[in-house]
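Here is the structure we will look at.
Source: prediction; values computed, not measured.
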Amino acid sequence: MLPNPLPLAANRTIRRGIVASAVVIAAALGATGRVLSQGMPAPPRTMLVAVSDSVHLEVVDWGGEGPTLILLTGLGHTAHVFDGFAPRLTSYLHVMGMTRRGVGASSRPKNGYDTTTLVHDIVAVLDSLRLAKASFAGHSFAGSELSVLAARFPARVERLIYLDSGFDYRQMLDRIGVATARGSPQPPAATYHLPPWTVADWTLYAERSSGAGFPPSEVRQMSQVGPGVGPDDVIQGPATDPEVLRAMLAGIEPAPLKAIRAPTLAIYAVPTSAEVMYPSWYAFDDSARAQGQRVYSAVSAEHAVQRARFHREVAGSRQVIITGARHYVFLTHPGEVANEILSFMLSK
């Protein structure tokens with residue numbers, strides 16, 4: 001699917017009866033102690049890094065030793081979407097992530113959402129962190145950034161990993177249309193609760209939509225959150241302006257695939273049917289199933305064309321196809337994806 005169908009659909013759902021407030025993200029020392037005592041990874045270290053006088057980007061550092069791997073997200077997501085996945089890699093890699101401008105804790109300027117500017121932001125982060133080069137893994141929308149980064153700044157790129165993102169998104173959107181690419185039907189709203197939704201409610205809904213769900217830390221970053229009457233916080237609206245997401249889609253540039261020289265791994269999720277593509281297929285009515293089938297047919301055919309082109313034009317690239325996986329492949333198949341990343345990153 002392209003790119004990240006969930007955030008805009010989520011916006012439509014959340015707007016039914018909820019209003020906006022402010023996001024507050026904090027990791028309390030006491031909570032850290034409880035996490036460690038349960039044998040779970042400690043919360044990552046976060047910082048704001050200046051990429052210009054007026055723009056700061058959130059950088060998340062999960063720690064680890066070894067080569068540096070920087071994770072880039074799909075459309076509308078923050079680096080915290082990797083909070084559950086990144087610790088699988090830290091025994092062998094130093095793993096970091098970036099939240100692009102306009103999203104989450106990063107600055108939200110009016111302009112600068114085209115691919116060229118977003119790639120310059122990545123280079124500026126490398127400069128701020130005093131990294132001469134790094135390897136990058138990008139999911140979904142981030143595939144466009146990976147391709148342009150590797151073509152224009154080859155000296156800053158060690159290796160590339162495309163997480164269901166090894167496509168020319170500009171070409172694909174022009175061929176199948178944004179409406180088709182983002183037209184996936186969403187699960188029906190649950191009948192066992194009424195608005196306002198809590199963070200737990202939205203986390204469960206996201207699982208029904210994506211097939212694996214997002215970490216609660218990511219749900220909080222994607223949303224405007226306020227205190228509820230019970231123990232859980234209430235979702236009060238989407239945190240990202242839909243106009244920003246539209247500007248990012250409009251600003252996608254053609255992928256200069258033939259110019260990529262870095263060692264490259266492309267991991268693809270290939271659902272075998274509309275039923276596999278949509279985890280809530282069983283709950284869809286006839287109209288939703290018809291729409292889902294239309295999107296599946298158009299997107300799966302175009303993806304096959306794009307995979308062939310990527311393999312043909314990116315010299316020496318390796319492809320891994322995970323049959324039956326869904327778009328959030330690092331969430332639905334984390335063991336397989338982590339194994340492939342580590343094998344690739346640590347190979348000579």
- Query: Between Arg100 and Ser106, does a side chain to side chain donor-acceptor pair (under 3.5 Å) hold up when you go through it step by step?
  - Reply: CA-CA 7 Å; Arg100 64 179 59 85; Ser106 294; over 6 Å; no
- Task: Flag the pair Val299 / Ile176 as yes when at least one side-chain heavy-atom distance between them is below 4.5 Å, and no otherwise.
- Result: yes
- Does Phe214 reach the side chain of Thr203, with side-chain heavy atoms less than 4.5 Å apart? no
- Message: Less than 4.0 angstrom from a charged side-chain N to a carboxylate O is my criterion; do Glu340 and Arg318 meet it?
- Response: yes
- Task: Could you tell me if the ring centre of His120 sits under 6.0 Å from that of Phe153?
- Result: yes
- Task: Please confirm whether the backbone N or O of Thr272 pairs with a side-chain atom of Tyr296, one donor and one acceptor, at under 3.5 Å?
- Result: yes
- Query: How are the rings of Trp197 and Trp202 set relative to one another: parallel (under 30°), tilted (30 to 60°) or perpendicular (over 60°)?
  - Reply: tilted
- Item | Atom CG of Asp285: over 12 foreign heavy atoms under 6.0 Å | yes
- Query: Above 12 or not: heavy atoms from other molecules or residues under 6.0 Å from CZ of Arg45?
  - Reply: no
- Item | Pair His303 + Tyr268: ring centers closer than 6.0 Å | no
- Item | NZ/NE/NH1/NH2 to OD/OE distance under 4.0 Å, Arg289 and Glu275 | no
- Query: Does some side-chain heavy atom of Ile235 sit less than 4.5 Å from a side-chain heavy atom of Met222?
  - Reply: no
- Task: Taking Ser147 for its side chain and Ser144 for its backbone only, find out whether a donor-acceptor pair lies under 3.5 Å.
- Result: no
- Query: When you look at Val295 and Tyr278, which way does the side chain to side chain contact (heavy atoms under 4.5 Å, CB included) test go after all the steps?
  - Reply: CA-CA 11 Å; Val295 173; Tyr278 297 107; 3.5 Å; yes
- Polar side-chain atom of Arg88 near backbone of Ala338 as donor-acceptor pair, under 3.5 Å: no
- Query: With ring centroids as reference points, do Tyr162 and Phe310 lie under 6.0 angstrom apart?
  - Reply: yes
- Counting distance only, does the side-chain N/O of Gln224 pair as donor-acceptor with the main-chain N or O of Ala239 below 3.5 Å? no
- Any chance you could lay out the salt bridge (Lys or Arg N to Asp or Glu O under 4.0 Å) test for Lys110 and Asp241, step after step, and finish with the verdict? CA-CA 11 Å; Lys110 293 182 178 180; Asp241 185 346; over 6 Å; no
- Task: Before giving the answer on salt bridge (Lys or Arg N to Asp or Glu O under 4.0 Å), spell out for Arg220 and Asp233 the whole-Å C-alpha distance, their side-chain angles and the decisive distance to 0.1 Å.
- Result: CA-CA 9 Å; Arg220 290 176 175 275; Asp233 290 333; 2.7 Å; yes
- Take Gln171 and Gln306 through the test side chain to side chain contact (heavy atoms under 4.5 Å, CB included) and record every step on the way to the result. CA-CA 9 Å; Gln171 182 185 74; Gln306 292 287 330; 2.8 Å; yes
- With side chain to side chain contact (heavy atoms under 4.5 Å, CB included) as the test, would you mind laying out the steps for His77 and Glu218 before giving the verdict? CA-CA 8 Å; His77 279 290; Glu218 172 65 357; 2.7 Å; yes
- Geometric cation-pi criterion, Arg159 with Phe344: 6.0 Å, 45°: yes
